[in-house]
Protein chains: 2
Amino acid sequence: MSTSRSTRTDGRPTLEKVAARAGVGRGTVSRVINGSTQVSPAAKAAVEQAIAELGYVPNLAARSLVTRRTDAVALVVSESEERLFGEPFFAGIVRGISSALVDTPLQLWLAMAQSAAERERVERHLTPQHVDGVMLLSLHDADPLPGLVEQRGLPLVLGGRPARLTRPGVAAGRFVDVDNAGGARRAVEHLYSAGRRVIATIAGPQDMGAGLARLDGYHEARVGHGLLNEPDLIAYGDFSYDSGKTAMKLLLSRRPDIDAVFIAADLMAAGALRALRDSGRHVPDDVAVVGFDDTSVARQTEPALTTVHQPIEEMGKAMARMLVAHISEQIPPDSSAVLDTTLVIRESA
Amino acid sequence: MSTSRSTRTDGRPTLEKVAARAGVGRGTVSRVINGSTQVSPAAKAAVEQAIAELGYVPNLAARSLVTRRTDAVALVVSESEERLFGEPFFAGIVRGISSALVDTPLQLWLAMAQSAAERERVERHLTPQHVDGVMLLSLHDADPLPGLVEQRGLPLVLGGRPARLTRPGVAAGRFVDVDNAGGARRAVEHLYSAGRRVIATIAGPQDMGAGLARLDGYHEARVGHGLLNEPDLIAYGDFSYDSGKTAMKLLLSRRPDIDAVFIAADLMAAGALRALRDSGRHVPDDVAVVGFDDTSVARQTEPALTTVHQPIEEMGKAMARMLVAHISEQIPPDSSAVLDTTLVIRESA
DNA sequence: GTCACTGTCGGGAGCGCTCCCACACACCGT
DNA sequence: ACGGTGTGTGGGAGCGCTCCCGACAGTGAC
């Protein structure tokens with residue numbers, strides 16, 4: 001009832017107080033804080049001392065009100081927390097982004113947009129008054145988010161090439177991607193050159209760029225060996241452990257003669273290994289397995305997974321750097337980066 | 001050079017414009033937006049229509065400047081991205097928090113404070129002008145963060161009882177915890193009643209509340225069976241897969257007669273299973289294993305893990321609700337919540 | 001000595017909002 | 001007729017900052 005609200009103006013020192021203490025004007029303090037060169041060394045020293053003595057911290061709301069910047073960027077992941085935290089892939093991305101952001105004033109917001117409530121919330125906060133730029137990860141085909149963000153005039157960088165534009169030669173705005181198709185092709189080539197002949201694949205979601213491109217790579221390798229498409233050898237998953245297990249069972253029931261599988265994600269591969277073991281097959285003697293991602297699960301499976309390594313942290317860094325350049329308008333509108341992948345040989349193939 | 005800065009005032013409608021359009025004063029619009037009852041239905045309707053027509057969105061920087069609220073809360077995890085994303089535990093917490101926050105105006109900030117650079121950054125942003133409250137997770141003993149946050153007058157809720165106050169009867173501020181000791185005790189009891197006699201444990205970090213309490217539970221169960229402490233049977237890990245593997249190897253070398261292990265985290269248990277398999281032992285026939293957490297890894301190990309389930313999502317919800325109550329000053333200073341744990345029997349014990 | 005120029009600096013204006021005071025107006029009882 | 005009591009309402013003040021204009025001193029060229 002009579003709970004007195006905290007006084008209107010709290011004890012926190014303001015620019016004005018710093019100016020008074022340093023014996024200079026408000027403008028000079030502001031210039032010192034913002035690193036202007038138009039300040040004499042003497043004034044600068046006085047201001048810096050006053051700031052230290054008072055423990056002054058600039059009020060960001062006030063600054064943001066006039067500059068119309070927020071010094072925050074958002075990373076939006078169109079996945080559930082389950083997957084966001086379940087897959088080490090995202091950890092790498094976040095690490096890369098943080099490290100690239102460390103010497104900018106920008107703070108990173110992390111948001112997931114899975115449930116309707118979450119999406120609504122995220123959309124409400126993806127405005128120029130909340131963030132200066134947006135990075136979108138794990139985008140599905142029909143996602144309206146990129147359109148919304150661009151329409152609001154917010155700088156945008158995509159992680160992974162949008163699915164519909166996965167064929168080269170099409171402008172797609174700004175994105176960072178890895179060479180998914182090339183990595184998949186090399187993985188399958190590796191299986192062929194190891195003497196495998198009936199090579200199946202567990203592909204990812206076909207509404208995602210990475211899912212499409214990795215399946216493309218598989219096809220390319222087959223074509224390179226003069227082989228026709230065999231739909232029997234293709235099963236689909238959603239990058240999860242369970243979906244990998246299920247898909248592997250399906251493949252084995254359709255084609256018991258399979259002697260190798262290329263699997264579009266390590267986590268699915270872990271599930272597939274389980275299904276293979278359950279079916280009594282030995283990896284790699286009976287069936288060779290190659291995964292994709294080279295996340296920590298690849299080292300924890302039994303046997304350890306041969307997989308396609310992608311420079312995840314680099315990808316995060318590239319995204320952040322591209323966004324920063326975009327925000328400061330130092331970059332052409334259709335730039336993009338595609339990073340290389342490499343095959344890591346372990347025990348499973 | 002001559003890149004014209006975007007005009008000072010962008011096209012976005014302001015409160016004033018809405019007021020003009022609705023034919024009312026600024027104050028009335030503000031009242032409508034903030035849900036005051038002191039507005040006539042006619043005025044309210046006119047304002048709402050004007051807002052819709054103009055697509056007006058309140059400027060949060062301006063609001064925050066005067067209200068001194070930010071409508072954001074932070075969740076700080078004192079871990080690397082590696083662990084934050086590697087352990088499903090955190091996913092559950094975040095999910096619980098988000099769901100509890102969904103019908104408040106509060107937005108969730110997620111930050112990790114591991115490296116020095118990150119910590120410095122986090123500390124700089126943990127001020128009343130950035131966030132309205134803070135939740136701290138995975139706290140180590142000597143962490144200065146709680147002190148800092150409280151000193152700045154920010155509402156604070158801890159996830160997990162602070163290590164130093166892990167003994168009951170000591171006030172510890174606001175925290176949410178699960179009954180770690182009780183869960184551990186029941187797990188070990190289960191092993192004893194299954195006829196196991198040489199029961200080892202892999203404990204967690206002893207500077208963390210959860211690590212301490214779970215080891216306490218192990219001791220309690222032994223005491224309950226009239227057994228003396230045998231340091232040989234205790235090894236320590238840091239909750240990671242690798243540390244579990246290493247600790248298990250150490251235990252087996254010290255005491256080859258071990259016929260059961262209680263392990264303070266599922267991920268460590270997964271590592272331990274690997275070490276047991278490498279040593280030629282069969283689980284559960286030769287050695288029974290019980291984990292702790294009941295995260296998704298528990299279902300993916302071979303054999304599936306018997307483990308102590310903790311209501312992770314509930315814990316997140318409780319933390320968020322406690323923080324909200326704290327922010328609105330509707331809660332005594334030393335409240336806390338301790339949630340129950342249950343044993344989930346699978347294949348490993 | 002005058003003028004132009006450069007390097008510093010102070011402080012007014014104003015960002016968009018909330019808070020709150022003053023006031024208009026209706027309605028009531030006396 | 002009057003004052004009292006409420007309910008709605010308008011708009012001034014001010015949150016803490018940046019932007020920018022104008023002032024001023026010092027320097028060098030003429």
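This is a predicted model, so every value here is computed, not measured. Letters go in sequence order (proteins before strands), and every chain restarts at 1.
To the nearest angstrom, P of C/dG10 lies 12 Å from CD of A/E16. The separation between B/R63 atom CZ and C/dC15 atom P is 19 Å, rounded to whole Å. Put simply, CD1 on A/I33 is 12 Å from P on D/dC19, counting in whole angstrom units. Here the P atom of nucleotide C/dG16 and the NZ atom of B/K17 are 7 Å apart, to the nearest Å. The distance between atom CD of B/Q38 and atom P of C/dC19, rounded to the nearest whole Å, is 14 Å. Computed from coordinates, the A/R69 CZ to D/dG16 P distance equals 20 Å when rounded to whole Å. Nucleotide C/dC17 holds its P atom 9 Å from the CG atom of B/L60, rounded to whole Å. In this structure, the CG atom of A/L15 is 13 Å from the C1' atom of D/dC15, given to the nearest Å.
For the OP1/OP2 pair of C/dC15 and a distance below 4.0 Å, the side-chain nitrogens and oxygens of B/N59 include no atom meeting the criterion. Between B/S30 and the phosphate of C/dC17, there is no side-chain N or O to OP1/OP2 separation shorter than 4.0 Å.
Heavy-atom distances to DNA chain C give each of A/G27 and A/T37 a nearest nucleotide, and the one nearer the 5′ end belongs to A/T37. Mapping B/V24 and A/V57 onto DNA chain D by nearest heavy atom places B/V24 closer to the 5' end of the strand.
Of the possible donor and acceptor atoms, none in the side chain of B/S64 sits under 3.5 Å from a partner among the backbone N and O of B/T70. At least one donor-acceptor pair closer than 3.5 Å links the side chain of A/D132 to the backbone N or O of A/D71.
By the 4.5 Å heavy-atom criterion applied to side chains, B/V47 and B/V39 are not counted as neighbours.
Checking D/dC17, D/dG8, C/dT18 against every side-chain atom of A/V66, the shortest atom distance belongs to D/dC17. With C/dC9, C/dG16, C/dC17 as the candidates, the nucleotide lying closest to the side chain of A/L65 is C/dG16. Counting only heavy atoms from C-beta on, A/S40 has its side chain closest to C/dC9 among C/dC9, D/dT18, C/dC17. Here the side chain of A/T28 is nearest to one of C/dG10, C/dC17, D/dG8, namely C/dG10.
Residue A/R31 places no side-chain atom within donor-acceptor reach of the base of C/dT8, judged by atom type and a 3.5 Å distance cut-off alone. With hydrogens and angles ignored, no donor-acceptor pair under 3.5 angstrom links the side chain of A/R68 to the base of C/dG16. For A/R26 and C/dG12, a side-chain-to-base donor-acceptor distance below 3.5 Å is present, hydrogens and geometry of angles not being considered.
Shown are B/V32, B/I33, B/N34; of these, the side-chain contact (heavy atoms from CB on, under 4.5 Å) with B/S30 is made only by B/N34. Of the candidates A/L158, A/L156, A/V131, A/V149 forms a side-chain contact (heavy atoms from CB on, under 4.5 Å) with just one, namely A/L156.
Using a 4.0 Å heavy-atom distance criterion, B/A43 is classed as a sugar-phosphate-only contact.
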